[in-house]
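Hydrogens, waters and symmetry mates play no part in the numbers below; they use all other heavy atoms, side chains included. Counting convention: from 1, in listed order, for ligands and their atoms alike.
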Amino acid sequence: MSDPTSLLQVSGVSLSFGGVHALTDVTFEVRKGEVFSIIGPNGAGKTSMLNCVSGRYQPQKGSILFKGQEITGMRPNDRCTLGIGRTFQNLALFAHMTVLDNIMVGRHHLLKNNFLNGPLYWLSRAQKEELRHRRDVEDIIDFLEIAHIRKSVAGTLSYGLRKRVELARAVALRPELILLDEPMAGMNLEEKEDMARYIIDLNEEWGMTVVMIEHDMGVVMDISHRVMVLDFGKKIAEGLPDQIMDNDHVKKAYLGEDTEEPETSQPAEEEVA
Ligand SMILES: Nc1ncnc2c1ncn2[C@@H]1O[C@H](COP(=O)(O)OP(=O)(O)OP(=O)(O)O)[C@@H](O)[C@H]1O
């Protein structure tokens, strides 16, 4: 029997691209209700890990369970239907569509008609259903404070607002697990504070479990329940934010901090085998 508090179980996942080992034997678990962050230097394998969970990449080894169900070979769309939503490191909105329509796209997994029979959806058959969904979408719009731009074309918005709309689209799926790839990248301080607040509320009030990749250590340490550190595709640490901040291996390998008096100036790569 799987642990009922465990939402996501990743076991021994390895992923290579030719000779590049993006992930090597990575194992971790995310519990229901957690904000779980994945950190590490550029190229450490963070996005690859998220892509393995969302189904964009298929690992060569290992298994991924969601709510105790094996999802390793499942297509991304089926994982969405199961309750895994995500945002992307680089914005993936439909630039020519309005904010509202972008968010409604995020909703399509909850509609009886999906994109395979999409024309039916976009015409009239699902109009009643669409009305109901629009009401629900309005809640999301209110929550993310984007009512004033609901009719704006997504491509005309500032970067910070587009990130927020992308979050709205992912939330529209009402996922149990939401994967956020650098939700604060490129934002100013005020936008970051807003985004941090939305993530906390999604977690605490909307009950979503969050797996987040983020480079801003202040934010990560403030809002995460637990943190995993990747380096060169391997897990080098996992624990509470304070434990991670105190971990000598992490300080050396990730934060580039020397925790001891240097005796010789060895090249950094020798420290991380
Ligand atoms: N589709 C791909 N094809 C080839 N190599 C890839 C692909 N995706 C990732 N990689 C390689 O896998 C390694 C891990 O990349 P990944 O993007 O997962 O790291 P990351 O920790 O998310 O980095 P960043 O913080 O810069 O986004 C890198 O060496 C990268 O070049």
Subset of ligand 1 atoms that lie under 4.0 Å from at least one heavy atom of [X]:
| X | value |
| --- | --- |
| S48 | 9 (C), 14 (C), 15 (O), 16 (P), 18 (O) |
| A44 | 19 (O), 20 (P), 21 (O) |
| H215 | 25 (O) |
| P41 | 21 (O) |
| Y57 | 1 (N), 2 (C), 7 (C), 8 (N) |

Is [X] salt-bridged to [Y], going by a charged N under 4.0 Å from an acidic O?
| X | Y | answer |
| --- | --- | --- |
| R197 | E145 | yes |
| K67 | E176 | yes |
| E182 | K46 | no |
| R174 | D136 | yes |
| D25 | K234 | no |

Hey, what's the ring geometry for Y198 with F143, parallel, tilted or perpendicular (30° and 60° as the breaks)? perpendicular
Report the part of V20 in contact with ligand 1, treating N, CA, C, O as backbone and CB onward as side chain, heavy atoms under 4.0 Å; options are side chain, backbone, both, neither. side chain
Of the listed options G43, C52, S16, closest to atom 23 (O) of ligand 1 (non-hydrogen atoms): G43
Is any N or O atom of G45, backbone or side chain, closer than 3.5 Å to an N or O atom of ligand 1? yes
